[in-house]
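Only a predicted model underlies this, so the values are computations on that prediction, with no experimental measurement involved.
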Amino acid sequence: MELISILKRKNSMKKNKLIFLMIILITCLISCKKENLVLKSKKVDLEYGNVVSKNIEDYIDIEQSSDEVLKESKLDLSLIKNVKNKNYPKLGLHIIKIMYNGKSYEVEINVKDTQRPIFTSFKNTFKFIKNKKPKKEEILKSFKTKDVDLVDVSIDDKNVNYDKEGGV
């Protein structure tokens, strides 16, 4: 009888040890699990005149990163150099940083101007007095443009003969 009792106690102790080890293992797996931050892309193109997004979800792949990663990540836009008196960045390469779990992740922002200026006012023909060359400023008033940046319109009139009717 005593032998059976001793064996039952040993089995019970083994079960308790096993349960205790499983609890420690599960706790360690849960608490020691490190979440990874996954970027959507390490390079982003941005059209000149557009603002750099301050939304961290635009840079982190939310399908491959947990909610905890999103909550704990910090976006650093301090290296972005904006156009003077504007809220959008200068042309060229800029770096934004995302800090998570003591590690820095970089995203390269390439600001490009790919959009042509739009002429809102444009004249194809001009009238002028024979033998009198008009001032370029006068002609330039006929052209109005819309663009993010200043547009410099120039006139090439080297083939125009101002002494002849029709001009060419």
Side-chain angles (χ1 to χ4, degrees), residues 29-168:
L29 285 174
I30 291 172
S31 65
C32 295
K33 182 181 175 189
K34 289 190 176 182
E35 296 289 333
N36 289 327
L37 182 145
V38 179
L39 295 174
K40 285 184 178 178
S41 177
K42 290 186 177 190
K43 294 183 179 187
V44 175
D45 288 334
L46 183 70
E47 181 63 33
Y48 184 61
N50 291 338
V51 178
V52 174
S53 174
K54 295 177 182 175
N55 184 359
I56 201 159
E57 291 179 14
D58 289 339
Y59 307 105
I60 295 177
D61 188 332
I62 56 175
E63 291 178 9
Q64 296 185 44
S65 303
S66 70
D67 289 340
E68 179 187 332
V69 170
L70 285 172
K71 288 177 192 171
E72 299 296 321
S73 297
K74 303 291 180 227
L75 186 62
D76 179 5
L77 301 172
S78 65
L79 297 176
I80 301 291
K81 302 298 178 207
N82 283 345
V83 174
K84 188 175 182 178
N85 300 322
K86 302 289 182 182
N87 64 343
Y88 53 85
K90 295 178 178 181
L91 291 168
L93 294 175
H94 301 268
I95 300 291
I96 64 166
K97 292 184 179 185
I98 299 171
M99 307 302 286
Y100 174 70
N101 207 16
K103 189 172 177 186
S104 177
Y105 299 81
E106 291 187 353
V107 177
E108 186 178 278
I109 307 289
N110 187 12
V111 180
K112 301 178 186 179
D113 187 3
T114 62
Q115 301 295 314
R116 292 181 178 169
I118 298 168
F119 281 91
T120 57
S121 175
F122 184 84
K123 269 191 170 179
N124 284 327
T125 59
F126 293 91
K127 292 183 179 181
F128 59 90
I129 300 170
K130 187 177 175 182
N131 296 325
K132 184 179 179 195
K133 183 176 179 176
K135 293 181 180 177
K136 287 192 179 190
E137 296 80 26
E138 201 174 300
I139 295 173
L140 288 175
K141 288 179 186 176
S142 302
F143 297 98
K144 302 235 184 311
T145 60
K146 180 181 176 186
D147 194 48
V148 175
D149 212 355
L150 287 174
V151 177
D152 184 27
V153 178
S154 61
I155 298 170
D156 180 7
D157 64 349
K158 65 183 172 213
N159 293 325
V160 177
N161 183 351
Y162 291 102
D163 297 331
K164 180 179 170 188
E165 200 170 307
V168 182

Quick one: [atom1] on [X] to [atom2] on [Y], what's the gap to the nearest 0.5 Å?
X	Y	atom1	atom2	value
Ser66	Ile60	OG	CD1	9.5 Å
Ile118	Lys144	CD1	NZ	16.0 Å
Ile98	Leu77	CD1	CG	9.0 Å

Contacts of type side chain to side chain contact (heavy atoms under 4.5 Å, CB included), residue Val38, not counting sequence neighbours: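 Testing Val38 for side chain to side chain contact (heavy atoms under 4.5 Å, CB included), a comparison that skips the adjacent residues, returns Asp61, Gln64, Ser65.
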Note: Lys158-Asp156 ion pair, threshold 4.0 Å (strictly below):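 Counted as a salt bridge, because a side-chain N and a carboxylate O are separated by less than 4.0 Å.
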Of all the heavy-atom pairs spanning [X] and [Y], show the shortest one and how long it is.
X	Y	result
Thr145	Thr120	N-OG1, 4.0 Å
Ile56	Leu70	CG2-CD2, 4.3 Å
Val153	Leu140	O-CD2, 3.5 Å
Leu91	Lys112	CD2-C, 3.8 Å
Asn161	Asp163	OD1-N, 2.9 Å
Pro89	Val52	CG-CG2, 3.6 Å

Quick one: are [X] and [Y] in side-chain contact, heavy atoms under 4.5 Å?
X	Y	result
Val148	Tyr88	yes
Asn110	Lys43	no
Tyr59	Ile109	yes
Lys90	Val111	no
Ile96	Ile80	yes

Between Asn55 and Ser53: side-chain donor-acceptor atoms closer than 3.5 Å: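 There is no such pair between these side chains.
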So, [X] side chain and [Y] main chain: donor-acceptor pair closer than 3.5 Å or not?
X	Y	answer
Lys40	Glu57	yes
Asn101	Lys103	no
Glu47	Thr114	yes

